[in-house]
Amino acid sequence: MPRSIIEPFRIKTVEPIRMTNEAERRRFLTEAWFNPFLLRAEDVLIDLLTDSGTGAMSAEQWASIMRGDESYAGSTSFFRFEETVREIFGFQYIFPTHQGRAAERILFESLCKPGDIVPNNTHFDTTRANIENTGAVAVDLPCVEGRNPGIPFPFKGNMNVEALQALIAQVGAAKIPLVMLTITNNSGGGQPVSMTNIKNVRAVCQEHGIPLYIDACRFAENCWFIREREAGYASTSPYDIARELFSYADGCTMSAKKDGLVNIGGFLAGNDAVLAKAESRLLILTEGFTTYGGLAGRDLDAIATGLREVLREDYLNYRIASTAYLGRRLTESGVPIVQPPGGHAIYIDAGAMLDHLPATMLPGQALVAELYLEGGIRAVEIGTVMFGTTDEGTQLEKTAPMELVRLAIPRRVYTQSHIDYVSEVVADVYARRHAIAGMKIVWQSPPLRHFTAHFERCESVASGSR
Ligand SMILES: *Cc1c(COP(=O)(O)O)cnc(C)c1O
């Protein structure tokens, strides 16, 4: 019999979580206007709001923190960081930044101008916003399978290569300063991109002289999926897969808050000497000198250690297996989720689960509220609250294509019993799903309204169908 995949660590420091009862949670949620972003973290039992910056550092990383060299220029910690990034990612010019979006801003401000077009498999929201901030247009070109939540496909994060070719033919390569690939594809459900797809995108870019950049936030998780699912990689180490993968790119942006296994940090890397000059100017202007880029020396040291730990096979095996485990438990209870599970999160199809609520009654937000009331779990709506808009004149809601709820799993934080508890709570909410009332927005401040909006329950459970 195959044995359980265990957490590949034991626990040295613990952080107590405060138990709450349902009456308390009802009060907290009402005071927070039914918006999980407005809850106090101490009132949350299991926090699945995001996997960004919420991971646990290892003893070795805490040792790195103590070792951190805080010299303004040329710190030892910077060189440890630079050497590690250069070894794994292979790029020549490496700039630390305070987080991923700062790397994006510096890259796009250096490369893009109004009217340019930047394709990606799917742009993450900060990536899109930073591209649009330069006057350029961000275009999503996901593969066909990636648009369908129900069907399993091993590499749903792939880019549609034919669509990329068609776009280049239509607008001309001169209008496309770079092509991006996000691994794993966060907005598409944490779905991986295959090595074959990366090579094919690379070939198209090369043919037209367009640089290819990787949004590398979850690169290690993507490498594990390549090893598990792509022919020819079963006995290649995640480290070697990463080295090959980045050899096809001209540069990358990275949020170390994900697969850097730290709570803050990021970087921008590439091989173009002329571009690097422009980037370092912006970096010094807005983030800090090139050997710290808005981070403390200790942060750089912890990233260097984290980037090696994240590629360990036992870590990645546990990481991907524990996300899949939650997906399997929910599926066994009948809960509809995006299939197959991605690397860092499970996405519940709230539109299908609460099929008595039309999208305008915000089924995702209603489910988020119930998960908190039932078991103190904090999740986030990825649907009409996040991507929809209210027409100022008619007050009608333009709804999103899907109504999802994301359960993001912080790295090395929760044990299997926490995950079991989560699946039990979701199953209990599922059992009484048709009694759940819809929600409405009573105050909002676009853009990015989901962070601050206020909600109320609709008077009755919705009548009628979607
Ligand atoms: C988190 C994330 C970013 C932005 O990084 P921050 O550190 O949050 O600024 C960019 N792209 C993807 C795919 C991400 O998940």
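Since we're looking at a predicted model, the values are computed, not measured. Values below: all heavy atoms of this structure, side chains included; hydrogens, waters and symmetry mates excluded. Nothing fancy with the numbering, it's 1 onward along the sequence.
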Within the structure provided, determine whether L407 and L326 are in side-chain contact (heavy-atom separation under 4.5 Å).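 Heavy-atom side-chain distance check passes, below 4.5 Å.
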Mind checking whether F155 and E230 have side chains closer than 4.5 Å, heavy atoms only?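 The answer is yes; the side chains approach within 4.5 Å.
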Partner set under salt bridge (Lys or Arg N to Asp or Glu O under 4.0 Å) for E221, not counting sequence neighbours: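 With neighbours one apart ignored, the set is R319, R411.
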Is the F267 to F89 ring centre distance short of 6.0 Å?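 Between F267 and F89, the centre distance is under 6.0 Å.
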When the aromatic ring centroids of Y318 and F9 are compared, is their separation below 6.0 Å?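 Yes; F9 has its ring centre under 6.0 Å from that of Y318.
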Which residue pairs satisfy the salt bridge (charged side-chain N to carboxylate O under 4.0 Å, His left out) criterion with at least one member in residues 308-317, sequence neighbours excluded?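 Listed by first then second residue: E87-R308, R227-E313, E309-R412, R312-D314.
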Could you check whether atom CD of E392 has more than 12 heavy atoms from other residues, nucleotides or ligands sitting under 6.0 Å from it?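 Incorrect, the count does not exceed 12.
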Spatial distance of atom [atom1] ([X]) from atom [atom2] ([Y]) [nearest 0.5 Å]:
X: F95; Y: F78; atom1: CZ; atom2: CZ; answer: 8.5 Å
X: L367; Y: M353; atom1: CG; atom2: CE; answer: 4.5 Å
X: T182; Y: N186; atom1: OG1; atom2: CG; answer: 8.5 Å
X: D259; Y: M254; atom1: CG; atom2: CE; answer: 5.5 Å
X: D428; Y: E370; atom1: CG; atom2: CD; answer: 12.0 Å

Got a sec, which residues hit ring pair (Phe, Tyr, Trp, His ring centres under 6.0 Å) with W33, two or more places apart in sequence or on another chain?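 So W33 forms a ring pair (Phe, Tyr, Trp, His ring centres under 6.0 Å) with H454.
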So does R378 pair up with D47, basic N to acidic O under 4.0 Å?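 Yes, R378 and D47 are salt-bridged.
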Let me see the working for R218 and D51 under salt bridge (charged side-chain N to carboxylate O under 4.0 Å, His left out), right down to the final yes or no. CA-CA 10 Å; R218 297 180 183 80; D51 67 319; 2.9 Å; yes
Cation-pi check, K156 onto F225 ring (under 6.0 Å, within 45° of axis):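 Here K156 fails the 6.0 Å and 45° test against F225.
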Is R25 close enough and on-axis enough to F28, meaning under 6.0 Å and within 45°, for cation-pi?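 Geometry flag: not set, cation outside 6.0 Å or 45°.
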Evaluate the ring planes of H344 and Y347, with Trp represented by its six-membered ring, and classify them as parallel (under 30°), tilted (30 to 60°) or perpendicular (over 60°).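 The rings of H344 and Y347 stand perpendicular, inter-plane angle above 60°.
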